[in-house]
Amino acid sequence: MKEEIVKLVAVNKIYKTGDTSITALDKTDIGFNSGELTLIMGPSGSGKTTLLSILGFVIYPTSGSVFYKGSAVTQLKENALADLRLKEIGFVFQHFNLIEPLTALENVMQPLILQGLSSSQASEKAKRALDEVGLADRYKNLPKKLSGGQKQRVSIARALVTEPAMILCDEPTASLDAKSAETIMNELKALANSGKAVIIVTHDLRLRKFADRVIFVEEGIVSNTIKNEEDYK
Ligand SMILES: Nc1ncnc2c1ncn2[C@@H]1O[C@H](COP(=O)(O)OP(=O)(O)OP(=O)(O)O)[C@@H](O)[C@H]1O
């Protein structure tokens, strides 16, 4: 059964710089379920990253409420939010954000070490996560010895190793060739099928075939409206 993982109610985000204010998100009401892969699309500067950052408890809305599994998180203090982020959310970025001097295995162990697991417990779990993304033979490789697609698989392993309910991705395929992008999307789709809420910001039209749902953001307004091909760019 699907469960609503995260919900925004009447969320506004206004950035103030000097005398100017920009409404990046305007009166947004939207929810995301377990077991679904959602794409967030829309023109540059429309508010997609802002939406993803609020969903990931990385920034607070200016007004409105954010609920995680039915409980309001908007009132939580920064360290409680950081805790929730670490336990419940996996992040995947365009440029992988791997730690260069650490091996693939050590990179994937990091969130578990931060959660207080011993190094042997973390290593055990991290190996399983790397096996799951098809990198069982790459534990000891440094990121510089991996292809772009492999690096992104390491970052997916790092995102899933804590068994989060939600995986948030910002342009996960933008640095990859078509074949690697397809592999990464199959991984992310498998994670959605296993019950996670997978939410992906992208400009990449090729990804639509993997989506259970496409959300469109335009000038801070979020909608489920189906758009014409050219509106996605
Ligand atoms: N920290 C910030 N301070 C001030 N303005 C910001 C900040 N972050 C974003 N903005 C502004 O808010 C609006 C929405 O930005 P956002 O990054 O969410 O858009 P986006 O749809 O993700 O864009 P892109 O596709 O180019 O990444 C833009 O006008 C942007 O300039």
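One-based numbering, in listed order, for ligands and for the atoms of each. We count residues from 1, following the sequence as given. If you're wondering where the values come from, they're calculated on a predicted model, not measured in any experiment.
In this structure a side-chain-to-backbone donor-acceptor pair under 3.5 Å is present from Glu106 to Thr103. Here the side chain of Lys196 pairs a donor or acceptor atom with the backbone of Pro164 at under 3.5 angstrom.
Within 4.0 Å of ligand 1, protein heavy atoms belong to Tyr15, Thr17, Ile22, Ala24, Pro43, Ser44, Gly45, Ser46, Gly47, Lys48, Thr49, Thr50, His203, listed by chain and number.
Of the charged side-chain nitrogens involved, none lies within less than 4.0 Å of a carboxylate oxygen, so that Asp177 and Lys179 do not count as a salt-bridged pair.
For Asn193, there are no side chain to side chain donor-acceptor pair (under 3.5 Å) partners, not counting sequence neighbours. Qualifying ring-ring contact (aromatic ring centres under 6.0 Å, His included) partners for Phe93, counting only residues two or more places apart in sequence or in other chains: none.
Hydrophobic cluster membership for Leu102: Ile99 (Ile, Leu, Val, Met, Phe, Trp, Tyr linked by side-chain heavy atoms under 4.5 Å, directly or transitively).
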